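Shown next, in structure tokens, is the structure this report addresses.
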Amino acid sequence: MFALNWLPLQPLISIKPVDFNMLGIQQSIQKSLQEGLQHLFSIDAQEIVLQETKKEFEGTFTFVVFPFTKQAAKAPAQIAQLLGEYMLAHNTKIKAFQVVQGFLNLSLQDSVWVEILVGINQDAQPFALANKNEKVLIEYSSPNTNKPLHLGHLRNNFLGFSVSQILDAAGYEVVKTNLVNDRGIHICKSMLAYQLFGNGETPESSGLKGDHLVGKYYVAFDKAYKVEIETLVKQGIDPEEAKKQAPILLKAQEMLLAWEQNEPSVIALWEQMNTWVFDGFAKSYAQMGVSFDKIYRESNTYLLGKKLVDEGIAQGVFFRKDDGSVWIDLSAEGLDEKLVLRRDGTSVYITQDMGTAQLKYEDFGAKRSVYVVGNEQDYHFEVLFHILKKLNKSFSEGNYHLSYGMVDLPSGKMKSREGTVVDADDLMAEMVNTAQSRTMELGKIDGFSAEESNALFNQLGLGALKYFLLKVDPKKRMLFNPEESIDFQGNTGPFIQYTHARICSMTRKAASMGIDMRISIGKSYELAVTEQELIYLLGDYKSKIQEAADQFAPSVIAQYTYDLAKQFNKFYNELSILNEENEDSRNIRLNLASLTGETIKASLSLLGIVAPERM
RNA sequence: GGUUCCGUAGCUCAGUUGGAUAGAGCAACUGCCUUCUAAGCAGUAGGUCUUUGGUUCGAAUCCAAACGGAAUCACCA
């Protein structure tokens with residue numbers, strides 16, 4: 001096993017790895033090519049790049065010879081031909097070669113494929129990389145306690161959870177944290193509206209989930225606020241001024257002050273509403289299937305960071321202006337001056353984030369930290385990371401902002417105050433309903449208990465939703481059209497889940513038939529191209545984990561899993577498995593199917609998706 | 001205006017450490033269930049990879065400019 005670091009995999013002998021389990025084979029081929037170039041053309045090639053052969057051509061690996069035409073002083077096709085002959089003569093893994101223009105396509109011996117398959121079978125840990133003995137903190141979710149979760153939070157939570165799973169599989173020790181924004185003027189707005197219009201309503205009395213109840217009053221505040229602004233404007237007050245003077249806003253500001261001074265009645269209301277919201281969030285998280293090792297609350301952390309400001313001033317990193325406010329000059333980094341402490345000595349956003357970073361380091365001692373936060377905060381995190389570096393913090397080098405794009409609706413951006421949001425709970429429920437009706441239509445739940453069917457509907461509905469949100473490159477903004485339901489066919493979660501269930505069905509049957517699916521080592525098998533391609537993908541799994549971990553990109557795993565399921569279904573359609581008469585072929589195909597099922601299950605779990613055994 | 005990100009089929013997205021005829025899914029159309037789950041498979045059709053210029057044997061990919069979209073540039077969080 002290779003020592004893997006945080007940085008992209010460093011090639012051992014200036015060779016580009018395409019694959020993990022096949023790395024040895026590749027290196028052997030690259031070495032032969034290097035020798036061939038030396039022997040035939042006296043070319044000392046520093047770097048041998050192998051790529052996957054395109055589907056429409058025969059072969060597994062392709063070597064491009066164009067770059068060597070000048071040095072070899074021969075036509076590309078001729079170089080490829082000579083190299084191919086050399087390879088065939090000098091490397092026993094090569095079965096055949098084909099030359100297309102300047103491309104040398106190499107095919108592997110069947111025994112090599114069997115060797116790979118046996119290797120995976122014998123791997124004690126086929127679905128995870130070796131322990132890296134390194135801790136990584138990941139912060140995600142970060143909800144506000146004044147409103148329920150929406151579609152954007154779903155992307156955040158699924159991303160955060162999936163990246164945690166991926167890093168865990170890549171051998172890191174992962175600590176999942178959630179920093180809840182439970183204080184501030186926006187929280188006071190919903191508190192105030194509740195006080196004014198709530199009439200003592202509770203989740204129990206209203207039948208509303210706690211977070212939805214609180215969210216209702218956040219909207220109510222905004223409505224009342226707008227009415228007041230309008231009234232003021234009619235009285236001839238300037239609109240901008242009216243926004244500042246609306247009585248209800250002033251009252252909310254008063255409330256924030258009272259909260260900061262720990263006024264018992266305000267604190268009691270705040271705690272009451274917080275309890276409701278947290279209770280609601282807990283239900284949403286359970287339905288999403290995400291979890292946290294530690295939840296931090298801003299009400300506990302917002303005063304942190306001032307000590308770091310003092311440290312920074314002492315170190316000369318920060319400077320104090322005449323009015324007493326404290327700043328950092330980041331113009332050398334291409335940024336501006338940034339405030340880190342107000343003139344009245346209170347913290348700002350960045351101050352508390354500095355403090356929280358320190359606190360998390362004290363709690364867990366992790367030098368790596370991933371923040372899953374929307375891309376509207378790119379600038380903020382750039383500044384934060386610069387500051388931590390300048391403060392010379394030991395945990396300052398391993399910070400990464402996993403910045404993801406917004407989820408847009410066809411009508412544009414979601415705005416919670418204007419009610420144009422897709423609610424997370426509603427959407428999940430709708431997906432589960434759709435899964436239910438789809439499944440019923442297909443008549444797939446014969447012999448299921450009510451409990452089993454409900455579990456399946458949940459797995460499929462959430463699977464479709466998670467896959468939909470995770471298959472897209474995180475940094476891109478994406479479009480969600482509520483009018484068009486999320487598909488259950490094609491490049492979707494349920495398609496992959498279906499493939500898994502199909503395989504399970506087959507292995508159950510094989511077990512009842514008493515078939516031994518072990519591969520006899522030393523026996524020679526003839527393999528179809530479909531089988532080779534499937535083995536290639538299976539052998540690629542670990543390198544995909546590494547790739548996804550390096551890039552913090554669940555989309556890499558999603559794409560891989562889809563390709564694997566697609567390839568399996570092709571294989572399944574083309575070749576008989578249980579009905580195959582040749583016992584050796586039957587056994588190796590069954591082995592291949594079973595391994596595919598396990599790999600699908602493992603990779604779906606990296607996306608937080610459950611792989612049902614029947615559907 | 002400065003900075004950053006994005007622009008690929010009608011729609012949603014892959015592909016971007018330079019390589020062959022740019023790939024999937026959805027939607028449309030055609031086949032395949034008296035043999036292992038048809039939520040499947042095979043196929044048809046759909047592209048000036050926003051535009052222009054450059055780098056080179058070779059560019060969706062690298063560079064420059066333009067156009068279009070988004071985010072951000074608060075003593076808010």
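Quick note: numbers below take in every heavy atom, side chains included, and nothing from hydrogens, waters or symmetry partners. Please read these numbers as outputs of a predicted model, since none were measured by experiment. Quick note on labels: first sequence line is chain A, next is B, and so on, each numbered from 1.
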Exercise. Just say parallel, tilted or perpendicular for the rings of A/Phe66 and A/Phe103, cut-offs at 30° and 60°.
Key: perpendicular
Quiz item: Stems in RNA chain B: runs of 3 or more consecutive Watson-Crick or G-U pairs, distances under 3.5 Å?
Solution: B:1-7 with B:67-73, B:10-13 with B:23-26, B:28-32 with B:40-44, B:50-54 with B:62-66
Practice problem: Examine the base of B/U21 for any acceptor or donor lying under 3.5 Å from a partner atom in the side chain of A/Lys54, and report the outcome as yes or no. | Solution: no
Practice problem: Starting at CG of A/Leu83, measure out to CZ of A/Phe41 and round the result to the nearest 0.5 Å. | Solution: 5.0 Å
Self-check item: Heavy-atom donor-acceptor pair, A/Thr499 side-chain to B/A39 base, under 3.5 Å
Solution: no
Quiz item: Does the ring of A/Phe66 meet both stacking tests against the six-membered base ring of B/G19: centre distance under 5.5 Å and plane angle under 30°?
Solution: yes
Quiz prompt | Nearest-Å distance once atom P is located in both B/U61 and B/G53 | solution = 14 Å
Quiz item: Between A/Gln101 and A/Leu442, which has a closest nucleotide on RNA chain B that is more 5'?
Solution: A/Gln101
Self-check item: Phosphate-side-chain proximity, A/Arg477 and B/G7, N/O vs OP1/OP2 below 4.0 Å
Solution: no
Quiz item: Is the NZ or CZ atom of A/Arg502 positioned over A/Tyr572's six-membered ring, under 6.0 angstrom from the centre and within 45° of the axis?
Solution: yes
Practice problem: Pick base, sugar-phosphate or nothing for A/Val64, based on heavy-atom distances below 4.0 Å to the nucleic acid. | Solution: base
Quiz item: Are OP1 or OP2 of B/G40 and a side-chain N or O of A/Lys566 less than 4.0 angstrom apart?
Solution: no
Quiz item: Whole Å only: how far is the NZ atom of A/Lys338 from the C1' atom of B/U3?
Solution: 13 Å
Quiz item: Is any side-chain nitrogen or oxygen of A/Lys55 closer than 4.0 Å to OP1 or OP2 of B/G23?
Solution: no
Quiz item: Heavy atoms under 4.0 Å, any strand shown: does A/Leu575 hit a base, just sugar-phosphate, or nothing?
Solution: base
Quiz item: Looking for any heavy atom pair under 4.0 Å, which part of the strands does A/Val100 touch: base, sugar-phosphate only, or nothing?
Solution: base
Quiz item: Can you tell me how far P in B/A64 sits from the matching atom in B/A24, rounded to whole Å?
Solution: 33 Å
Quiz prompt | Note: A/Asp323-A/Lys321 ion pair, threshold 4.0 Å (strictly below) | solution = no
Practice problem: Please indicate yes or no: is the ring centre of A/Phe103 less than 5.5 Å from the centre of the six-membered base ring of B/A20, with the two planes inclined by under 30 degrees? | Solution: yes
Quiz prompt | Polar pair under 3.5 Å, donor/acceptor by atom type, side chain A/Asp323, base B/C75 | solution = yes
Quiz item: Reckon A/Ala501 touches a base, only the sugar-phosphate, or nothing at all at heavy-atom distances under 4.0 Å?
Solution: base
Quiz item: Starting at the 5' end of RNA chain B and moving along, which residue's nearest nucleotide shows up first, A/Lys471 or A/Tyr379?
Solution: A/Lys471
Quiz item: Reckon A/Pro67 touches a base, only the sugar-phosphate, or nothing at all at heavy-atom distances under 4.0 Å?
Solution: base
Quiz prompt | Presence of salt bridge, A/Glu254 and A/Lys251, under 4.0 angstrom | solution = no
Practice problem: Nearest whole angstrom, please: distance from the C1' of B/U8 to the NZ of A/Lys476. | Solution: 8 Å
Quiz item: Honestly, is A/Lys338 close enough over A/Trp327, meaning NZ or CZ under 6.0 Å from the six-membered ring centre and within 45° of the axis?
Solution: no
Quiz item: Would you say A/Arg589 reaches B/C36's phosphate, i.e. side-chain N/O to OP1/OP2 under 4.0 Å?
Solution: no
Practice problem: Tell me what A/Tyr572 touches on the nucleic acid: a base, only sugar-phosphate, or nothing, going by heavy atoms under 4.0 Å. | Solution: base
Quiz item: A/Glu241 and side chain to side chain donor-acceptor pair (under 3.5 Å): which partner among A/Gln245, A/Lys244, A/Lys243?
Solution: A/Gln245
Exercise. Considering only atom C1', compute the distance from B/C41 to B/C36 and round it to an integer number of Å.
Key: 14 Å
Quiz item: Has the side chain of A/Asn105 got a donor or acceptor that lies under 3.5 Å from a partner of the other kind on the base of B/A20?
Solution: yes
Practice problem: Sticking with atom P, work out how far B/G1 lies from B/A66, rounded to a whole angstrom. | Solution: 11 Å
Quiz prompt | Whole-angstrom distance between B/A59 and B/U21, as gauged at atom P | solution = 11 Å
Exercise. Using a 4.0 Å heavy-atom cut-off across all strands, classify A/Ser325 as base, sugar-phosphate, or nothing.
Key: base
Practice problem: Would you verify whether the NZ or CZ of A/Arg155 falls within 45 degrees of the ring axis of A/Tyr404 while also being under 6.0 Å from that six-membered ring's centre? | Solution: no
Quiz item: Using the C1' atom in both, what is the distance from B/U51 to B/A60, to the nearest Å?
Solution: 14 Å
Quiz item: Which part of the nucleic acid, if any, lies within contact of A/Asn569, taking any heavy atom under 4.0 Å across all strands shown: a base, the sugar-phosphate backbone alone, or nothing?
Solution: sugar-phosphate
Quiz item: What integer number of Å spans the P atoms of B/C5 and B/C62?
Solution: 12 Å
Quiz item: Hey, do the aromatic rings of A/Tyr400 and A/Phe552 have their centres closer than 6.0 Å?
Solution: yes
Quiz item: Given the side-chain rings of A/Tyr562 and A/Phe495, with only the six-membered ring counted for Trp, is the space between their centroids under 6.0 Å?
Solution: yes
Self-check item: Integer angstrom distance from the P of B/A20 to that of B/U3
Solution: 34 Å
Quiz item: Ignoring hydrogens and angles, does a donor from either the side chain of A/Thr492 or the base of B/A39 sit under 3.5 Å from an acceptor on the other?
Solution: no
